Amino acid sequence: MPAAAAPIISSVQKLVLYETRARYFLVGSNHAETKYRVLKIDRTEPKDLVIIDDRHVYTQQEVRELLGRLDLGNRTKMGQKGSSGLFRAVSAFGVVGFVRFLEGYYIVLITKRRKMADIGGHAVYKIEDTNMIYIPNDSVRISHPDEARYLRIFQNVDLSSNFYFSYSYDLSHSLQYNLTVLRMPLEMLKSETTQTRQESFDIFEDEGLITQGGNGVFGISSEPYMKYVWNGELLDIIKNTVHRDWLLYIIHGFCGQSKLLIYGRPVYVTLIARRSSKFAGTRFLKRGANCEGDVANEVETEQMLCDASVMSFTAGSYSSYVQVRGSVPLYWSQDISTMMPKPPITLDQADPFAHVAALHFDQMLQRFGSPIIVLNLVKEREKRKHERILSEELVAAVTYLNQFLPPEHTIIYIPWDMAKYTKSKLCNVLDRLNVIAESVVKKTGFFVNRPDSYCSILRPDEKWNELGGCVIPTGRLQTGVLRTNCVDCLDRTNTAQFMVGKCALAYQLYSLGLIDKPNLQFDTDAVRLFEELYEDHGDTLSLQYGGSQLVHRVKTYRKIAPWTQHSKDIMQTLSRYYSNAFSDADRQDSINLFLGVFHPTEGKPHLWELPTDFYLHHKNTMRLLPTRRSYTYWWTPEVIKHLPLPYDEVICAANLKKLVVKKFHKYEEEIDIHNEFFRPYELSSFDDTFCLAMTSSARDFMPKTVGIDPSPFTVRKPDETGKSVLGNKSNREEAVLQRKTAASAPPPPSEEAVSSSSEDDSGTDREEEGSVSQRSTPVKMTDLGDSAKVTENVVQPMKEVYGINLSDGLSEEDLSIYLRFVQLGQSQHKQDKSSQQFCSRCPDGVIKLPQMGQPPELM
């Protein structure tokens with residue numbers, strides 16, 4: 001049985017910075033404000049950072065007494081009450097880090113945040129605003145003329161744009177890694193707890209280890225995967241001197257979450273993209289790979305599925321699928337000095353033994369396992385060689401590396417000229433991508449934290465039995481990953497990733513018992529919701545790397561994009577060209593300074609004086625590397641031993657050193673996710689509740705037509721979505737006008753006749769438009785005496801609004817039932833009109849219904 005384990009929740013979530021002339025005091029507390037920690041920052045050192053962490057956990061009363069003594073001790077005169085010696089400088093939610101240019105250090109604080117996702121009750125926040133405060137006092141400040149320019153360059157990295165963090169969930173790792181760590185055997189956790197107690201440098205590390213009876217719960221915290229951490233360099237100077245709760249690691253990329261309602265059962269669909277901080281930069285300035293195997297525009301995209309009705313990592317149902325995009329792992333670049341829209345591609349260095357590609361794929365084998373599947377979407381046939389240069393070199397590199405790998409773990413290479421198929425009228429691009437996606441998902445499998453359901457074992461699906469990955473008693477593991485690339489890794493790559501993600505989503509839903517077959521069709525609410533997530537994901541990543549939103553979207557490749565999309569595509573292309581030509585160089589300087597690739601130093605050239613940053617990103621140009629890898633055994637030996645499992649998730653001594661394991665009482669706040677999520681100690685408002693505000697398939701995508709199938713897996717007509725029905729008032733009025741024009745032959749109905757039938761939903765209006773236009777004459781009944789007149793007056797609006805064609809051969813029984821309901825409707829209308837509670841007719845003929853919150857009074 002796995003041990004009862006939970007992620008450790010940071011006890012520093014609210015911060016207040018207090019200021020005196022000689023020091024800053026940073027007071028951090030948990031959300032309930034029951035535990036406090038204090039950092040003391042010296043302001044008398046002009047260029048050095050002196051931080052003292054007493055590692056003591058204070059109560060609220062103790063902190064008040066401490067601040068009171070500091071205030072009293074720093075007043076200019078003893079006993080003076082008018083002025084304070086301790087000033088409250090700023091309130092914050094986390095520390096981004098500390099940075100120094102040519103003068104003293106700055107502290108960067110998160111002052112605004114916004115909740116973006118919930119993963120098992122663990123909140124994911126987006127940085128909305130930051131504050132950068134200079135630490136040294138003005139009396140000791142040594143001014144430098146270039147300090148202000150470095151400060152402007154650093155602040156050009158907009159931290160309020162797509163930077164994310166969490167106090168309890170490790171965003172740099174996948175869900176599979178995080179949940180695998182929580183399922184470590186009990187003996188391993190006990191040994192790690194003992195080792196932590198013996199080797200810990202923190203004298204307060206053992207707090208909470210003493211438990212009563214069997215109520216102990218292991219708290220686990222893992223080291224982040226620094227490749228996807230963007231403030232690692234900013235926190236590096238304090239990492240070994242302060243308690244780990246002060247260290248808040250942030251990622252850059254995208255985070256979106258939507259709610260899929262399946263007959264009232266909430267399922268959260270989450271999309272997280274982690275952009276690599278290694279060899280990071282802008283489109284034309286960062287191409288290919290550096291000498292360490294890090295590629296440009298490398299992004300790991302993970303789609304998660306969780307049953308939101310159970311909010312626990314141990315009891316809930318969770319599934320995820322990971323895929324990667326990144327530039328072609330070769331030494332190549334494009335010269336933008338020619339001011340051409342498509343600069344020529346040049347190979348900068350000859351690499352006959354695929355050294356850089358070997359380093360890159362070795363990293364991938366270590367993190368994802370095998371098989372590594374390379375989907376290459378660049379052009380294969382061109383009149384003049386351009387993109388084909390990359391294809392030829394990549395094929396040669398993969399072929400060379402596969403010679404030395406075991407046959408069962410070779411790199412799978414799939415070339416497909418997507419641009420060529422898009423231009424062809426005979427080929428459907430998405431159908432072909434769907435075939436590739438099915439093949440890929442079957443090879444890699446996906447992660448799910450629960451075993452196969454009994455119904456799938458009893459009635460297994462053919463596709464389910466062919467699924468790859470690793471099956472374990474507690475579920476399934478994804479082994480291997482799909483790596484997709486084109487030239488820019490933007491438009492074509494995003495569409496291909498969407499198709500693979502759509503295929504994986506079907507398997508994820510099937511594994512959780514939510515659909516009966518692992519298959520999803522276009523134009524369903526579920527796929528529309530997922531497509532919108534992926535388009536936001538693609539636009540965000542494209543803005544970060546290319547300077548504009550996506551030019552070609554999924555609708556473009558489906559060939560259903562509206563004609564107005566072409567003008568938008570042209571504008572995005574021009575925006576991308578302008579950004580690449582005029583602003584990318586400044587953005588690249590900012591990224592280099594923010595990530596610590598360049599460190600300003602007295603007596604050396606400034607950042608803006610460097611002709612190129614090639615030497616900053618390629619360390620082998622500045623010094624000889626200590627070891628050279630073998631040309632044949634190009635992988636890490638420990639990695640190859642554990643394939644197809646990823647080495648990072650294997651329980652071994654090297655990986656256990658990356659974990660911090662503590663034992664808590666089960667009601668300790670550091671591991672009580674229920675208390676952290678619901679926060680019973682504070683007043684909550686439904687208006688501020690995140691789960692009610694997020695995008696929902698029922699509210700935003702499902703048609704509002706009464707009686708329609710509410711399943712999100714039902715295929716809808718293109719104009720049936722909730723957004724198109726409710727979001728366009730002019731279309732609604734136009735549909736009413738068309739109905740009135742189509743039935744203009746008979747005399748206009750009276751106000752009483754029109755009001756006798758309530759206004760139908762917009763979705764029905766759209767569905768019945770075609771049939772309404774074919775109707776031109778009213779139905780007349782001449783043999784029924786006085787009742788016929790009533791019928792004639794009433795049938796016309798029924799026919800006009802609902803499209804009912806009554807035949808001459810109507811039976812007496814049907815007619816009597818029909819007349820009975822007509823009379824009921826008329827009498828009800830007279831009551832409503834007299835009381836004026838329900839409907840009031842507008843001058844334009846559109847009926848307005850009262851608000852739902854106004855119940856009618858009984859007569």
Side-chain angles (χ1 to χ4, degrees), residues 153 276 278-298 325-352 354-357 360 376-397 419 485-493 541-548 551 572-593 595 597-598 605-622:
I153 294 174
S276 172
K278 310 294 183 184
F279 202 51
T282 53
R283 186 184 177 200
F284 285 124
L285 298 178
K286 284 292 162 283
R287 294 294 211 190
N290 64 6
C291 63
E292 296 179 339
D294 302 308
V295 298
N297 194 23
E298 184 173 5
R325 69 172 69 184
S327 189
V328 180
L330 305 167
Y331 290 119
W332 65 281
S333 62
Q334 288 180 278
D335 184 12
I336 59 172
S337 61
T338 56
M339 297 296 288
M340 296 172 59
K342 288 187 178 182
I345 294 173
T346 56
L347 296 174
D348 299 330
Q349 296 182 34
D351 193 9
H355 176 69
V356 64
H360 176 68
N376 184 21
L377 302 176
V378 303
K379 295 177 181 178
E380 298 282 335
R381 297 180 181 178
E382 295 173 300
K383 294 180 180 178
R384 187 180 62 184
K385 285 180 72 172
H386 180 65
E387 295 184 12
R388 193 170 55 160
I389 298 172
L390 300 178
S391 288
E392 293 173 353
E393 288 294 320
L394 184 58
V395 170
N485 72 267
C486 49
V487 176
D488 296 324
C489 302
L490 297 178
D491 301 346
R492 286 174 282 180
T493 298
L541 297 182
S542 183
L543 275 168
Q544 293 165 7
Y545 182 65
S548 75
V551 176
Q572 296 298 340
T573 304
L574 293 175
S575 174
R576 187 176 292 182
Y577 176 73
Y578 175 85
S579 175
N580 299 154
F582 300 106
S583 64
D584 276 5
D586 293 335
R587 288 174 58 209
Q588 185 66 59
D589 287 345
S590 301
I591 293 172
N592 290 340
L593 187 62
L595 293 176
V597 178
F598 175 85
H606 294 298
L607 179 60
W608 52 87
E609 295 174 349
L610 298 178
T612 177
D613 65 351
F614 180 85
Y615 307 100
L616 302 177
H617 291 273
H618 295 264
K619 297 179 180 178
N620 61 347
T621 60
M622 304 299 290

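What you are looking at is a predicted structure, and each value in this text was computed from that prediction instead of being measured. Just so you know, residue 1 is the first one in the sequence shown, and it goes up from there.
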Novice: Measure the spacing between CG of Leu330 and NE2 of His355 and express it to the nearest 0.5 Å.
Specialist: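 One gets 13.0 Å once the value is rounded to the nearest 0.5 Å.
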Novice: Tell me, with the steps shown, if His386 and Gln334 meet side chain to side chain contact (heavy atoms under 4.5 Å, CB included).
Specialist: CA-CA 11 Å; His386 180 65; Gln334 288 180 278; 4.0 Å; yes
Novice: Between Ser327 (side chain) and Ala296 (backbone), is there a donor-acceptor pair under 3.5 Å?
Specialist: no
Novice: Is the closest side-chain heavy-atom distance between Phe279 and Arg287 below 4.5 Å?
Specialist: no
Novice: Under the 3.5 angstrom rule, does the side chain of Arg283 hit a backbone N or O of Tyr545 as a donor-acceptor pair?
Specialist: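 Flag not set: sc Arg283 to bb Tyr545 has no pair under 3.5 Å.
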Novice: Do Asn592 and His617 pair up side chain to side chain, a donor and an acceptor below 3.5 Å, judged on atom types alone?
Specialist: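 Per modelled atom types, Asn592 and His617 side chains form a pair under 3.5 Å.
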Novice: Nearest 0.5 Å, what's the CG-CG distance between Asp613 and Leu607?
Specialist: 8.5 Å
Novice: Calculate, to the nearest 0.5 Å, the distance between atoms SG and NZ belonging to Cys486 and Lys379 respectively.
Specialist: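 The SG atom of Cys486 sits 11.0 Å away from the NZ atom of Lys379.
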Novice: Could you check whether any side-chain N or O of Thr346 sits under 3.5 Å from a backbone N or O of Asp348, counting only pairs where one atom can act as donor and the other as acceptor?
Specialist: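 Judged by distance alone, no pair lies under 3.5 Å.
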Novice: Ignoring hydrogens, what is the shortest heavy-atom contact between Gly326 and Cys489? Give both atom names and the distance.
Specialist: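 Looks like O-SG, 3.2 Å.
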Novice: Is a side-chain donor-acceptor pair under 3.5 Å present for Asn485 with Asn376?
Specialist: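 Result is yes, a qualifying pair exists.
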Novice: Any chance you could measure Asp586, atom CG, to Trp608, atom CH2, to the nearest 0.5 Å?
Specialist: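 Asp586 atom CG to Trp608 atom CH2 measures 12.0 Å (nearest 0.5 Å).
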Novice: Stepwise, does the side chain to side chain contact (heavy atoms under 4.5 Å, CB included) test hold for Tyr331 with Asn290?
Specialist: CA-CA 7 Å; Tyr331 290 119; Asn290 64 6; 5.9 Å; no
Novice: Go through the structure and list residues passing side chain to side chain donor-acceptor pair (under 3.5 Å) with Asp351, not counting sequence neighbours.
Specialist: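 Side chain to side chain donor-acceptor pair (under 3.5 Å) list for Asp351, sorted by chain: empty.
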Novice: Check whether Arg587 reaches the backbone of Gln544 with its side chain - one donor and one acceptor, N or O, closer than 3.5 Å.
Specialist: yes
Novice: Donor-acceptor check, side chain of Asn297 to backbone of Asp488, threshold 3.5 angstrom: yes or no?
Specialist: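 Confirmed, Asn297 side chain pairs with Asp488 backbone.
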Novice: Check Ser391 against Val378 and note the closest heavy-atom contact, atom names and distance.
Specialist: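 That closest heavy-atom pairing would be OG-CG2, 2.6 Å.
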Novice: Could you check if a side-chain atom of Glu392 sits within less than 4.5 angstrom of a side-chain atom of Lys385, using non-hydrogen atoms only?
Specialist: yes
Novice: What verdict does the salt bridge (Lys or Arg N to Asp or Glu O under 4.0 Å) test give for Arg492 and Glu387, after you've listed the backbone C-alpha separation in whole Å, the side-chain angles of each residue and the deciding distance to 0.1 Å?
Specialist: CA-CA 14 Å; Arg492 286 174 282 180; Glu387 295 184 12; 3.4 Å; yes
Novice: Please tell me if the side chains of Val356 and Pro329 come closer than 4.5 Å, counting only heavy atoms from C-beta onward.
Specialist: no
Novice: Would you find a donor on one side and an acceptor on the other, under 3.5 Å apart, between the side chain of Glu393 and the backbone of Leu390?
Specialist: no
Novice: Could you measure the distance from the CG atom of Leu541 to the CZ atom of Arg325? Nearest 0.5 Å is fine.
Specialist: 5.0 Å
Novice: Which atom pair, heavy atoms only, marks the closest approach of Ile591 to Gly281?
Specialist: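 Distance-wise, the nearest heavy atoms are CD1-CA, 4.0 Å.
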Novice: If we ignore hydrogens and angles and just use 3.5 Å, is the side chain of Gln588 paired with the main-chain N or O of Ala280 as donor and acceptor?
Specialist: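 Yes, Gln588 side chain to Ala280 backbone: donor-acceptor pair under 3.5 Å.
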Novice: Ignoring hydrogens and geometry, is there a side-chain-to-backbone donor-acceptor pair from Ser542 to Leu490 under 3.5 Å?
Specialist: no
Novice: Does Lys286 have more than 12 heavy atoms from other residues, nucleotides or ligands lying within 6.0 Å of its NZ?
Specialist: yes
Novice: Kindly compute the distance separating SG (Cys291) from CD (Gln349), expressed to the nearest 0.5 Å.
Specialist: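 Rounded to the nearest 0.5 Å, the SG-CD separation comes to 9.0 Å.
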Novice: Take Glu380 and Arg388 through the test side chain to side chain contact (heavy atoms under 4.5 Å, CB included) and record every step on the way to the result.
Specialist: CA-CA 5 Å; Glu380 298 282 335; Arg388 193 170 55 160; 5.6 Å; no
Novice: Checking Trp332 against Ile345 for the side chain to side chain contact (heavy atoms under 4.5 Å, CB included) test, could you report, in this order, the C-alpha distance in whole Å, the side-chain angles of both residues, the deciding distance, and whether it holds?
Specialist: CA-CA 7 Å; Trp332 65 281; Ile345 294 173; 3.7 Å; yes
